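Keep in mind the model is a prediction, meaning the values are calculated, not measured. Heavy atoms only: backbone and side chains are in, while hydrogens, waters and symmetry mates are out.
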Amino acid sequence: MTNKPTSETNLSPTTNLNTSTDFDTSLPNIKPELFHVPASTDFQGQPSAHAPRILLLYGSLRTRSYSRLVIEESARILLAMGCDVRIYNPTGLPLADSEDESHPKVQELREAVQWSEGMVWCSPERHGAMTGIMKTQIDWIPLSIGAVRPTQGKTLAVMQVCGGSQSFNAVNQLRILGRWMRMLTIPNQSSVPKAFLEFEEDGRMKPSGYYLRIVDVLEELVKFTLLTRNYSDYLVDRYSERVETAEELMARVNQNAL
């Protein structure tokens with residue numbers, strides 16, 4: 001449900017603009033029929049009953065990959081929180097554009113992204129940046145597939161592992177990508193320094209403050225996913241795109257009328 005103003009699109013007359021001069025509140029550049037006023041009533045409805053669907057991606061192909069170990073530990077925690085989880089194995093995924101999108105590993109990744117309601121991305125930091133393996137996975141996820149935007153409105157948690165002292169370069173880059181792909185990236189994040197010291201020989205993470213932080217991040221991700229998944233389309237709906245769509249429709253109708 002959306003609220004639409006009258007043809008006279010003005011600010012609320014009760015707004016205190018803290019000015020002693022007359023202030024013109026008209027919006028002559030706004031199309032009133034496409035201008036929606038957000039309201040709390042827009043968020044009513046029956047919430048989904050199925051388990052939150054979370055896809056997890058990691059950024060290393062090494063036999064003992066610490067980003068994969070973090071992801072596997074995260075999957076265990078998410079399962080304990082009642083989520084439905086999938087871990088994508090990037091082994092065999094070609095470089096972006098080096099193969100056709102019909103490649104089985106590309107199709108596997110895209111199907112998992114469309115299935116998901118939220119994601120966890122964990123990359124090692126290499127030369128002060130995310131790895132090529134991590135970036136290749138993200139590069140194969142398109143902004144749109146036909147009329148479907150596979151990442152738009154989904155939640156995202158970002159993590160990284162470091163070989164040395166703690167850094168946040170990789171998670172900062174992942175945040176930029178998440179925003180670019182119109183994902184709802186949660187505020188919390190995880191960075192595990194000297195990751196080789198944080199895991200047992202069997203691959204299980206040792207108890208530490210870094211482990212507690214990962215639990216915090218995943219708990220926040222599940223909360224945000226439950227809060228937003230029924231309204232993801234509404235949350236990323238944009239006035240500019242409604243205007244563009246309306247103008248495209250008008251152009252097509254006028255062309256057909258010629």
- Task: Under the salt bridge (Lys or Arg N to Asp or Glu O under 4.0 Å) rule, what do Glu241 and Arg182 come out as? Steps first, then yes or no, please.
- Result: CA-CA 14 Å; Glu241 293 184 349; Arg182 297 180 69 175; 2.8 Å; yes
Hey, mind stepping through Leu174 and Gln160 against side-chain contact (heavy atoms from CB on, under 4.5 Å) and telling me if it holds?
CA-CA 9 Å; Leu174 292 172; Gln160 74 171 73; 5.7 Å; no
| task | Give the intermediate values and the outcome of side-chain contact (heavy atoms from CB on, under 4.5 Å) for residues Gln152 and Met181. | result | CA-CA 6 Å; Gln152 179 173 270; Met181 299 172 79; over 6 Å; no
Fill in: Residue pair Arg242, His36: steps toward the side-chain contact (heavy atoms from CB on, under 4.5 Å) verdict
CA-CA 10 Å; Arg242 293 195 297 272; His36 299 171; 3.6 Å; yes
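Partners of Glu219 by salt bridge (Lys or Arg N to Asp or Glu O under 4.0 Å), not counting sequence neighbours: none found. The salt bridge (Lys or Arg N to Asp or Glu O under 4.0 Å) check on Arg64 picks up nothing, with sequence neighbours excluded. Partners of Glu198 under the salt bridge (Lys or Arg N to Asp or Glu O under 4.0 Å) rule, at least two apart in sequence or in another chain, do not exist in this structure. For Asp84, the salt bridge (Lys or Arg N to Asp or Glu O under 4.0 Å) criterion is met by no residue, not counting sequence neighbours.
One hydrophobic cluster, built from ILVMFWY side chains closer than 4.5 Å, holds both Leu221 and Met159. There is a path of hydrophobic side-chain contacts, each under 4.5 Å, that joins Val217 to Val215. Hydrophobic clustering places Val120 together with Val70 (ILVMFWY residues linked when any side-chain heavy atoms are closer than 4.5 Å, directly or through intermediates).
Between Glu220 and Lys223 no salt bridge is recorded (no basic side-chain N to carboxylate O distance below 4.0 Å). A salt bridge does not link Glu201 with Lys206: none of the charged nitrogens is closer than 4.0 Å to a carboxylate oxygen.
Counting heavy atoms of neighbouring residues, nucleotides and ligands inside a 6.0 Å radius, atom CH2 of Trp115 exceeds 12 of them. A 6.0 Å sphere centred on CZ of Arg126 holds no more than 12 heavy atoms belonging to other residues, nucleotides or ligands.
Applying the salt bridge (Lys or Arg N to Asp or Glu O under 4.0 Å) test to every pair with at least one member in residues 226-236, sequence neighbours left out, gives these pairs: Glu117-Arg229.
Separation of atoms CD1 (Ile87) and SG (Cys122) is listed at 11.0 Å; rounding is to 0.5 Å.
With a 4.5 Å cut-off on side-chain heavy atoms, Arg110 and Glu101 count as touching. You'll find the side chain of Trp140 stays beyond 4.5 Å of the side chain of His103, heavy atoms only. By the 4.5 Å heavy-atom criterion applied to side chains, Ser74 and Leu56 are counted as neighbours. The shortest distance between side-chain heavy atoms of Leu93 and Gln137 falls below 4.5 Å. The shortest distance between side-chain heavy atoms of Lys135 and Leu177 falls below 4.5 Å. Side-chain contact between Leu34 and Tyr239 is present, with at least one heavy-atom pair separated by less than 4.5 Å. Looking only at side-chain heavy atoms (C-beta outward), Leu226 and Pro52 come within less than 4.5 Å of each other.
Checked by atom type and distance alone, the side chain of Ser232 never pairs as donor or acceptor with a backbone atom of Thr228 at under 3.5 Å. Of the possible donor and acceptor atoms, one in the side chain of Arg213 sits under 3.5 Å from a partner among the backbone N and O of Gln189.
When all heavy atoms are compared, the tightest approach of Ser167 to Cys162 is N-SG, 3.6 Å. The minimum heavy-atom distance linking Ala96 with Asp139 is given by the pair CB-CB, 3.8 Å. Residues Tyr210 and Pro193 approach most closely at OH-CG, 3.2 Å, considering heavy atoms. Nearest heavy-atom pair across Pro47 and Asn230 is CA-OD1, 3.6 Å. The minimum heavy-atom distance linking Ser67 with Gly59 is given by the pair OG-N, 3.3 Å. Minimum interatomic distance between Gly203 and Leu69 (heavy atoms only, all atoms of both residues): O-CD2, 3.7 Å.
In the hydrophobic clustering, Ile133 connects to Leu61, either directly or through intervening members, whenever side-chain heavy atoms lie under 4.5 Å apart.
Outside the 6.0 Å centre-distance limit, the rings of Tyr58 and Tyr88 are not counted as a close aromatic pair. For Tyr66 and Phe199, the ring centers sit closer than 6.0 Å to each other.
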